[in-house]
Amino acid sequence: LGLRAALAALLAAWLVLLFLQHGQPWDESEHAHVAWLISRGESPLRDFFQHHQPLLWSLLALYFRAGLRGPDVLVWGRVIVVLSGLLAAAALLQLPGPEDRRRFSTGGWLGVVVLMVLTVLVPTLFVIRPETISVPLLVIALGLWCKPAAPRREAAIVATAGLLAGAAVYSSPRFALLGGLFILLGAQSRRRWLWLISGCAAFLAVYTAASGYTLGMVLFNLRYSVLLQKVGGAPH
(Lines give C-alpha, C1' and ligand atoms only; values in the text may rest on other atoms or scores of the structure.)
Protein backbone atom coordinates (compact mmCIF):
# COMPACT_ATOMS: atom_id res chain seq x y z
CA LEU A 1 0.00 0.00 0.00
CA GLY A 2 2.88 2.36 0.81
CA LEU A 3 4.55 1.77 -2.55
CA ARG A 4 1.28 2.28 -4.40
CA ALA A 5 0.66 5.58 -2.55
CA ALA A 6 4.21 6.73 -3.30
CA LEU A 7 3.79 5.95 -7.00
CA ALA A 8 0.43 7.73 -7.08
CA ALA A 9 2.05 10.81 -5.50
CA LEU A 10 4.88 10.61 -8.04
CA LEU A 11 2.32 10.43 -10.85
CA ALA A 12 0.51 13.51 -9.51
CA ALA A 13 3.82 15.41 -9.29
CA TRP A 14 4.62 14.40 -12.87
CA LEU A 15 1.29 15.75 -14.13
CA VAL A 16 1.96 19.06 -12.37
CA LEU A 17 5.40 19.15 -13.99
CA LEU A 18 3.89 18.57 -17.43
CA PHE A 19 1.69 21.62 -16.89
CA LEU A 20 4.39 23.94 -15.53
CA GLN A 21 7.58 22.90 -17.34
CA HIS A 22 9.31 25.20 -19.82
CA GLY A 23 8.57 22.83 -22.68
CA GLN A 24 9.23 23.66 -26.33
CA PRO A 25 8.51 27.37 -26.89
CA TRP A 26 8.78 27.25 -30.69
CA ASP A 27 6.62 24.21 -31.38
CA GLU A 28 4.02 25.08 -28.73
CA SER A 29 3.55 28.66 -29.90
CA GLU A 30 3.52 27.49 -33.53
CA HIS A 31 0.68 25.05 -32.95
CA ALA A 32 -1.28 27.57 -30.87
CA HIS A 33 -0.95 30.14 -33.65
CA VAL A 34 -2.13 27.67 -36.29
CA ALA A 35 -5.16 26.81 -34.12
CA TRP A 36 -6.00 30.54 -34.00
CA LEU A 37 -5.76 30.79 -37.80
CA ILE A 38 -8.05 27.77 -38.19
CA SER A 39 -10.58 29.23 -35.76
CA ARG A 40 -10.71 32.30 -38.05
CA GLY A 41 -11.76 30.10 -40.96
CA GLU A 42 -8.36 29.81 -42.64
CA SER A 43 -7.08 26.48 -43.97
CA PRO A 44 -3.57 24.99 -43.98
CA LEU A 45 -1.92 24.71 -47.41
CA ARG A 46 -4.57 27.03 -48.88
CA ASP A 47 -4.28 30.18 -46.74
CA PHE A 48 -0.96 29.52 -44.98
CA PHE A 49 1.79 26.89 -45.02
CA GLN A 50 1.99 24.02 -42.55
CA HIS A 51 3.00 20.41 -42.99
CA HIS A 52 1.65 18.84 -39.79
CA GLN A 53 -1.59 16.90 -39.47
CA PRO A 54 -4.46 19.05 -38.10
CA LEU A 55 -5.83 16.87 -35.27
CA LEU A 56 -3.92 18.74 -32.54
CA TRP A 57 -5.05 22.06 -34.01
CA SER A 58 -8.66 20.92 -33.90
CA LEU A 59 -8.31 20.35 -30.15
CA LEU A 60 -6.46 23.63 -29.55
CA ALA A 61 -9.00 25.57 -31.63
CA LEU A 62 -11.74 24.63 -29.15
CA TYR A 63 -10.30 27.40 -26.96
CA PHE A 64 -11.00 30.05 -29.60
CA ARG A 65 -14.31 28.53 -30.67
CA ALA A 66 -15.46 28.87 -27.05
CA GLY A 67 -15.10 32.64 -27.44
CA LEU A 68 -11.76 32.95 -25.59
CA ARG A 69 -8.87 34.96 -26.97
CA GLY A 70 -5.18 35.57 -26.55
CA PRO A 71 -2.02 33.60 -25.79
CA ASP A 72 -3.70 31.88 -22.84
CA VAL A 73 -4.49 29.20 -25.41
CA LEU A 74 -1.11 27.84 -24.32
CA VAL A 75 -2.65 27.14 -20.91
CA TRP A 76 -5.42 25.16 -22.61
CA GLY A 77 -2.74 23.36 -24.61
CA ARG A 78 -0.97 22.33 -21.41
CA VAL A 79 -4.30 21.07 -20.04
CA ILE A 80 -4.45 18.81 -23.10
CA VAL A 81 -0.90 17.66 -22.33
CA VAL A 82 -1.83 16.82 -18.73
CA LEU A 83 -4.97 14.95 -19.84
CA SER A 84 -2.86 13.03 -22.37
CA GLY A 85 -0.41 12.06 -19.64
CA LEU A 86 -3.19 10.99 -17.28
CA LEU A 87 -4.95 8.91 -19.96
CA ALA A 88 -1.67 7.34 -21.07
CA ALA A 89 -0.79 6.35 -17.49
CA ALA A 90 -4.28 4.95 -16.83
CA ALA A 91 -4.15 2.98 -20.10
CA LEU A 92 -0.71 1.53 -19.30
CA LEU A 93 -2.02 0.33 -15.94
CA GLN A 94 -4.90 -1.44 -17.71
CA LEU A 95 -2.79 -3.31 -20.26
CA PRO A 96 -3.23 -7.03 -19.64
CA GLY A 97 -0.35 -8.92 -18.09
CA PRO A 98 0.35 -12.23 -16.38
CA GLU A 99 -0.50 -10.84 -12.93
CA ASP A 100 -4.01 -10.81 -11.46
CA ARG A 101 -5.59 -7.43 -12.36
CA ARG A 102 -6.90 -7.07 -8.81
CA ARG A 103 -3.36 -6.89 -7.47
CA PHE A 104 -0.55 -4.41 -7.97
CA SER A 105 0.18 -4.00 -11.70
CA THR A 106 3.98 -4.28 -11.78
CA GLY A 107 4.28 -4.14 -15.56
CA GLY A 108 1.81 -1.28 -15.86
CA TRP A 109 3.56 0.86 -13.27
CA LEU A 110 6.92 0.08 -14.87
CA GLY A 111 5.56 1.49 -18.13
CA VAL A 112 4.30 4.59 -16.33
CA VAL A 113 7.66 5.14 -14.64
CA VAL A 114 9.50 4.75 -17.96
CA LEU A 115 7.16 7.32 -19.54
CA MET A 116 7.72 9.75 -16.66
CA VAL A 117 11.51 9.35 -16.77
CA LEU A 118 11.60 9.90 -20.55
CA THR A 119 9.61 13.11 -20.32
CA VAL A 120 11.78 14.41 -17.49
CA LEU A 121 15.05 13.61 -19.27
CA VAL A 122 13.72 15.08 -22.55
CA PRO A 123 11.41 17.96 -21.49
CA THR A 124 10.49 18.77 -25.10
CA LEU A 125 9.11 15.26 -25.67
CA PHE A 126 5.68 15.57 -24.03
CA VAL A 127 4.46 19.09 -24.77
CA ILE A 128 1.90 20.72 -27.08
CA ARG A 129 2.84 18.59 -30.08
CA PRO A 130 1.00 15.96 -32.16
CA GLU A 131 2.99 13.09 -30.64
CA THR A 132 1.65 13.93 -27.18
CA ILE A 133 -1.96 13.18 -28.09
CA SER A 134 -0.91 10.13 -30.12
CA VAL A 135 0.52 8.40 -27.03
CA PRO A 136 -2.73 7.88 -25.08
CA LEU A 137 -4.67 7.14 -28.26
CA LEU A 138 -2.32 4.31 -29.22
CA VAL A 139 -1.98 2.85 -25.71
CA ILE A 140 -5.77 2.81 -25.21
CA ALA A 141 -6.11 1.18 -28.65
CA LEU A 142 -3.65 -1.53 -27.65
CA GLY A 143 -5.53 -2.10 -24.40
CA LEU A 144 -8.78 -2.61 -26.30
CA TRP A 145 -7.07 -4.85 -28.85
CA CYS A 146 -5.75 -7.10 -26.07
CA LYS A 147 -8.91 -6.99 -23.96
CA PRO A 148 -10.88 -10.26 -23.85
CA ALA A 149 -14.49 -9.59 -24.84
CA ALA A 150 -17.71 -11.49 -25.33
CA PRO A 151 -18.23 -12.47 -28.99
CA ARG A 152 -21.15 -10.09 -29.42
CA ARG A 153 -19.06 -7.12 -28.19
CA GLU A 154 -15.74 -8.04 -29.76
CA ALA A 155 -16.40 -6.37 -33.11
CA ALA A 156 -17.31 -3.02 -31.52
CA ILE A 157 -14.32 -3.09 -29.15
CA VAL A 158 -11.77 -3.97 -31.84
CA ALA A 159 -13.26 -1.42 -34.27
CA THR A 160 -12.95 1.23 -31.54
CA ALA A 161 -9.32 0.20 -31.09
CA GLY A 162 -8.83 0.70 -34.82
CA LEU A 163 -10.48 4.12 -34.69
CA LEU A 164 -8.17 5.26 -31.88
CA ALA A 165 -5.09 3.76 -33.55
CA GLY A 166 -6.04 5.52 -36.77
CA ALA A 167 -6.33 8.82 -34.90
CA ALA A 168 -2.92 8.25 -33.28
CA VAL A 169 -1.20 7.57 -36.60
CA TYR A 170 -3.09 10.39 -38.32
CA SER A 171 -1.97 12.86 -35.64
CA SER A 172 1.66 11.71 -35.85
CA PRO A 173 2.55 9.38 -38.76
CA ARG A 174 5.64 8.35 -36.78
CA PHE A 175 3.35 6.13 -34.72
CA ALA A 176 2.82 3.86 -37.73
CA LEU A 177 6.20 2.40 -36.72
CA LEU A 178 4.52 1.02 -33.59
CA GLY A 179 1.88 -0.85 -35.58
CA GLY A 180 3.84 -4.05 -35.05
CA LEU A 181 2.64 -4.06 -31.45
CA PHE A 182 -0.77 -5.18 -32.72
CA ILE A 183 0.96 -8.20 -34.26
CA LEU A 184 2.86 -9.03 -31.07
CA LEU A 185 -0.06 -8.47 -28.68
CA GLY A 186 -3.64 -9.70 -28.62
CA ALA A 187 -5.49 -12.50 -30.35
CA GLN A 188 -4.84 -12.76 -34.08
CA SER A 189 -7.48 -13.59 -36.66
CA ARG A 190 -8.47 -12.33 -40.08
CA ARG A 191 -11.81 -11.19 -38.67
CA ARG A 192 -10.23 -9.10 -35.91
CA TRP A 193 -7.80 -7.46 -38.36
CA LEU A 194 -10.71 -6.58 -40.62
CA TRP A 195 -12.50 -4.86 -37.74
CA LEU A 196 -9.30 -3.03 -36.73
CA ILE A 197 -8.65 -1.74 -40.25
CA SER A 198 -12.31 -0.77 -40.63
CA GLY A 199 -12.04 1.37 -37.49
CA CYS A 200 -8.94 3.11 -38.87
CA ALA A 201 -10.70 3.79 -42.17
CA ALA A 202 -13.79 5.09 -40.37
CA PHE A 203 -11.73 7.66 -38.47
CA LEU A 204 -10.05 8.86 -41.65
CA ALA A 205 -13.36 9.15 -43.51
CA VAL A 206 -15.23 10.96 -40.72
CA TYR A 207 -12.41 13.35 -39.80
CA THR A 208 -11.67 14.18 -43.43
CA ALA A 209 -15.32 15.01 -44.07
CA ALA A 210 -15.64 17.06 -40.87
CA SER A 211 -12.37 19.00 -41.20
CA GLY A 212 -12.18 19.41 -44.97
CA TYR A 213 -8.53 18.31 -44.76
CA THR A 214 -8.22 16.12 -47.83
CA LEU A 215 -6.20 12.95 -48.29
CA GLY A 216 -4.11 14.82 -50.87
CA MET A 217 -3.03 17.28 -48.17
CA VAL A 218 -2.07 14.40 -45.89
CA LEU A 219 0.05 12.80 -48.63
CA PHE A 220 1.74 16.15 -49.32
CA ASN A 221 2.59 16.46 -45.62
CA LEU A 222 4.18 13.03 -45.63
CA ARG A 223 6.26 13.76 -48.72
CA TYR A 224 7.36 17.12 -47.35
CA SER A 225 8.31 15.57 -43.99
CA VAL A 226 10.46 12.99 -45.78
CA LEU A 227 12.32 15.81 -47.51
CA LEU A 228 12.83 17.60 -44.18
CA GLN A 229 14.35 14.49 -42.62
CA LYS A 230 17.05 14.58 -45.29
CA VAL A 231 17.81 18.24 -44.55
CA GLY A 232 18.19 17.91 -40.76
CA GLY A 233 17.08 19.90 -37.74
CA ALA A 234 16.02 23.52 -37.61
CA PRO A 235 19.55 24.99 -37.19
CA HIS A 236 20.60 23.33 -40.47
Side-chain angles (χ1 to χ4, degrees), residues 10-92 112 115-141 163-175 178 203 207-208 210-213 217-218 221 224-225 228 233-234:
L10 184 63
L11 176 61
W14 174 63
L15 295 175
V16 172
L17 176 64
L18 289 180
F19 184 77
L20 296 177
Q21 67 166 315
H22 186 258
Q24 224 293 1
W26 295 281
D27 281 8
E28 292 191 313
S29 57
E30 172 190 353
H31 291 301
H33 181 234
V34 173
W36 174 67
L37 293 174
I38 288 177
S39 71
R40 290 159 47 92
E42 299 187 38
S43 299
L45 299 182
R46 282 196 292 260
D47 301 308
F48 60 90
F49 182 78
Q50 259 293 350
H51 70 284
H52 293 286
Q53 308 298 67
L55 186 58
L56 174 63
W57 306 331
S58 296
L59 295 176
L60 289 173
L62 294 175
Y63 173 88
F64 298 110
R65 298 191 192 283
L68 301 173
R69 293 289 181 267
D72 286 346
V73 64
L74 292 168
V75 176
W76 166 239
R78 286 298 179 90
V79 169
I80 293 175
V81 172
V82 171
L83 290 175
S84 296
L86 182 61
L87 289 173
L92 285 169
V112 173
L115 177 62
M116 290 191 290
V117 170
L118 284 175
T119 58
V120 170
L121 293 178
V122 187
T124 59
L125 187 65
F126 213 77
V127 292
I128 308 173
R129 302 181 68 228
E131 291 78 10
T132 298
I133 61 175
S134 289
V135 170
L137 290 170
L138 187 70
V139 179
I140 295 172
L163 189 146
L164 295 174
V169 175
Y170 183 92
S171 176
S172 176
R174 291 184 177 96
F175 277 68
L178 300 178
F203 169 81
Y207 185 78
T208 298
S211 67
Y213 205 84
M217 293 177 174
V218 173
N221 290 341
Y224 189 83
S225 295
L228 283 185

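For reference, positions follow the sequence shown, starting with 1.
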Would a 4.5 Å heavy-atom cut-off, applied to side chains only, mark [X] and [Y] as touching?
| X | Y | value |
| --- | --- | --- |
| Ser84 | Phe126 | yes |
| Val127 | Asp27 | no |
| Thr119 | Leu17 | no |
| Leu228 | His51 | yes |
| Leu60 | Ile128 | yes |
| Phe175 | Val135 | yes |
| Val73 | Trp36 | no |
| Leu37 | Asp47 | no |

Of the non-hydrogen atoms in [X] and [Y], which two are nearest, and what is the gap between them?
| X | Y | result |
| --- | --- | --- |
| Pro136 | Ala88 | CB-N, 3.8 Å |
| Leu125 | Thr132 | O-OG1, 4.0 Å |
| Pro173 | Gln53 | CD-CG, 4.2 Å |
| Ile38 | Arg65 | CG2-NH2, 3.6 Å |
| Ala141 | Ala165 | CB-N, 3.8 Å |
| Val112 | Ala89 | CG2-O, 3.7 Å |

Ser134 (side chain) donor-acceptor with Pro130 (main chain) under 3.5 angstrom
yes
Of Leu164, Leu55, Thr208, Val169, the residue whose pairing with Phe203 passes side-chain contact (heavy atoms from CB on, under 4.5 Å)
Leu55
Let's go through Tyr207 and Ser58 carefully: what are the C-alpha distance in whole Å and the side-chain angles of both, what is the deciding distance for side-chain hydrogen bond (donor to acceptor under 3.5 Å, both in side chains) to 0.1 Å, and is it a yes or a no?
CA-CA 10 Å; Tyr207 185 78; Ser58 296; 2.7 Å; yes
For the atom pair [atom1] ([X]) and [atom2] ([Y]), what is the distance rounded to the nearest 0.5 Å?
| X | Y | atom1 | atom2 | result |
| --- | --- | --- | --- | --- |
| Leu163 | Leu137 | CG | CG | 9.5 Å |
| Ile80 | Leu62 | CD1 | CG | 7.0 Å |
| Phe64 | Arg40 | CZ | CZ | 10.5 Å |
| Tyr170 | Ser211 | OH | OG | 5.0 Å |
| His31 | Trp26 | NE2 | CH2 | 14.0 Å |
| Leu87 | Leu92 | CG | CG | 11.0 Å |

Cationic tip of Arg78 above Trp76 ring, under 6.0 Å, 45° of axis:
no
Test of ring centre spacing under 6.0 Å for Phe49 and Tyr224:
yes
SB check Glu28 Arg129 (cutoff 4.0 Å)
no
Would you check if there is a donor-acceptor pair between the side chains of Ser39 and Tyr63 at a distance under 3.5 Å?
no
